[in-house]
Amino acid sequence: MADTQAITELSKRRGFFFLSSDAYGGVAGFYTFGPQGAALKANVESAWRDRYTVKEGNREIEAPTIMPEPVFEASGHLDGFNDMLVECASCGESHRADHLVEDVTDIEDAEALPNSEVADLIADHDIHCPNCGEPLAGQAVENFNLMFSTDIGPGGDQPGYLRPETAQGIFVEFPRLKEYARNQLPFGVTQIGRAYRNEISPRKGLVRVREFTQAELEQFIDPEEDEPNLDAVADVEVRLYSAEEQNKDDGGYLETTIGEAVEAGVIANEWVAYYLGISQEWYERIGVDMDRFRFRQHLAGERAHYASDCWDAESELGGDWVEIAGFAYRGDYDLSKHGEYGDDDFTVFKQYDEPKTVERAVVDPDMSTLGPEFGGAAADIADALRDLAARDPDAFDGDEVTVDADGETYTVSTEVADFRVEEQTESGEHITPHVVEPSFGVGRTVYTVLEHAYREDEVAGEERTYLALEPEVAPTYVGVFPLVGNDERLTDLATELVRDVREAGLSAEYDDSGNIGRRYRRKDEIGTPFCVTVDRDGVESEGETTVTVRERDTTAQIRLPVDALVDELTAVREGRKTFDDLLDSYERVDADTAEA
RNA sequence: GCGCCGAUGGUCCAAUGGUAGGACAGUGGCUUCCCAAGCCACCGGUCCGGGUUCGAUUCCCGGUCGGCGCACCA
């Protein structure tokens, strides 16, 4: 069982991740991925890109991390990302001021009130500190916004924020993105990038940090027509922790399939169900221990108001369940907000199968009459007439019609209004697409992969530590060693092989220091799946030159011709073969015999 | 943000009011034909700032960072 300390220590020592800016005392919530960690993270991102961008036929973009204030007014982060804190003068405890007020009043959304008013309410209702019982009256209510703010350009008159999620970078560019998709729904846009939250209390290493990487997919759909390919994931087995089960005293997991869960209505939304299925398989692929993994449904209270169904992927880390991805059906919330605040069109024109002919009441006011008669009010009157025609065509039945404009009532002859009923052909309508959002925390995923891969065992009576990383994500794929360092035939060939392996696009490290066992252990600790060793038996043998390949988890070895080495290693890396296949094809080497 | 505890080579630990010692790791050499072996040598450290003191890594205060608890996690 991997404890957090052991992994933190290994990560520091072997270069997976460590606290940033340590030379200057460090700063909480910021981590640097070292050489192994950066490679591991890059491999996880590649695997994500392969699954959620390439295999889904989506497109990836890269938006700036800083965006101007109006973006976050529209997204709701400027208001909604604030916490109101009040500190107790007696015991120093900080509390959510809005929550305290909501508890003792019938105000439901105290967060919407100005701070001074909340402070007054605390005084008026004589609210006491929940911790020590002393009165909180007179204490200032302070805002704490979780977004990092900055100034764009000189002068400081254009405030900007570091994005608290990568998603907004996709939503704000929707008007162009829909053009690239040729206005055809459904389409998906992905982004892998940094996001920033000025967390009050970063904790637990990589799990809660202030700067982190997200991988997000925004799937834009027509809610009335588009359906996911559920057949592709219907048989995928998942462990679900539904809201209903969470509310029971003895609630447990539903071990079921995606198909059954949709059938039973446990997963309300088919798109969400589809991505849970895809993700179950993806997590397994990158080496997450599926016995320490579950999908947990949000309880009604923790769901954002716009999300109709929301599930988290959670992994067990150090005994706690940690959210590593969220799957939300966001409806049209994001796009309609940006449509409301932004200048561009956040809808898609949807053509009907066949054009519809509709009868529509229209007016075509004669401005040459209205203008002279009503002066500056004429334009408003014309607008009011159009509204009225759409709302109440019967109003035009008589000779005259009255409308209100600018607070006054005007009477216009129906002839001047030129009321008539027209047949119009409509070829389609503008709709606001709905959004399905699978959103992944990359750092937490990387940490999960590390912790779930951590193993301790014994080899030849000696303890060893190793990382059972999947070949696809292992930061260093292969180690290449001369069995001894003082024989040029061995060192020369090993040096040559490292070049060959790298040339094939596989990350490789050469090592001739100390004895062979030490070098194997070094590679075990960074999760290198294979070690190639050049020995005298191999270079002295009649005929072809051979080398040994050792597999990390079992320490089993095979001997194969150097000419086959790169091809076989590539095949395993790409998932076309396993080491077991190689065991069947090549001579097995018994390390114990060789030792004797 | 608050409370408690802590901070010594790359890592893990020891010691001390008079500038620090070990283990492991690392580097160079010897040895070594398959799993952290052996021998020699080397590299490398008291979190930051202030105070007390002739002298502070040690005592005191503040800060930073970490662990745990509380709060927070749209």
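Proteins come first, then strands; the chains are lettered A, B, ... in the order of their sequence lines, and each starts at number 1. Please read all numbers here as calculations on a predicted model, not as lab measurements.
- For the C1' atoms, the distance from B:A23 to B:A15 is 15 Å, rounded to whole Å.
- Remark: the separation of the P atoms in B:C61 and B:A7 is 15 Å, to the nearest Å.
- Looking at A:Arg550, its side chain comes within 3.5 Å of the base of B:C35 through a donor and an acceptor atom.
- For A:Arg208 against B:C72, a side-chain-to-base donor-acceptor contact under 3.5 Å is present.
- Counting only heavy atoms from C-beta outward, the side chains of A:Ile267 and A:Asp309 approach each other to under 4.5 Å.
- When heavy atoms are screened at a 4.0 angstrom cut-off, A:Leu10 is found touching no nucleic acid atom at all.
- Side-chain atoms of A:Ser20 come within 3.5 Å of backbone atoms of A:Thr32 as a donor-acceptor pair (strictly under, hydrogens ignored).
- Remark: the backbone N or O of A:Glu551 is not paired with any side-chain donor or acceptor of A:Thr555 at under 3.5 angstrom.
- Mapped onto RNA chain B by nearest heavy atom, A:Tyr24 and A:Arg559 fall at different nucleotides, with A:Arg559 at the one closer to the 5' end.
- Within 4.0 Å (heavy atoms only), A:Arg518 reaches sugar-phosphate atoms of the nucleic acid but no base atom.
- Across B:U19 and B:U8, the matching C1' atoms stand 13 Å from one another, rounded to whole Å.
- Between A:Gly26 and A:Val459, it is A:Val459 whose nearest contact on RNA chain B lies nearer the 5' terminus.
- Checked against the 6.0 Å centroid threshold, A:Phe440 and A:Phe327 count as a close aromatic pair.
- In summary, the aromatic rings of A:His434 and A:Tyr329 are positioned with their centroids under 6.0 Å apart.
- With hydrogens and angles ignored, the 3.5 Å screen pairs a side-chain donor or acceptor of A:Glu216 with a backbone N or O of A:Ala167.
- Side-chain N/O atoms of A:Tyr586 and A:Glu568 include a donor and acceptor closer than 3.5 Å.
- Residue pairs meeting the ring-ring contact (aromatic ring centres under 6.0 Å, His included) criterion with at least one member in residues 512-558 of chain A, sequence neighbours excluded, are A:Tyr477-A:Phe530, A:Phe481-A:Tyr520, A:Phe530-A:Phe579.
- Comparing the P positions of B:C70 and B:G10 gives an interatomic distance of 35 Å, to the nearest angstrom.
- For B:A20 and B:C24, the P atoms lie 22 Å apart once the distance is rounded to whole Å.
- With C1' as the reference atom, B:G18 and B:G22 are 22 Å apart, rounded to whole Å.
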Report, one pair per line, the protein and nucleotides 28-32 of chain B atoms (nitrogen or oxygen only) whose separation is under 3.5 Å.
| unit_1 | atom_1 | unit_2 | atom_2 | d |
| --- | --- | --- | --- | --- |
| B:U32 | O4 | A:Gly485 | N | 3.3 |

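- B:C39 sits 12 Å from B:A25 when the P atoms are compared, rounded to a whole Å.
- Within 4.0 Å (heavy atoms only), A:Gln5 reaches no atom of the nucleic acid at all.
- Stem analysis of RNA chain B (Watson-Crick or G-U pairs, both distances under 3.5 Å, runs of at least three) returns B:1-7 with B:64-70, B:10-13 with B:21-24, B:26-30 with B:38-42, B:47-51 with B:59-63.
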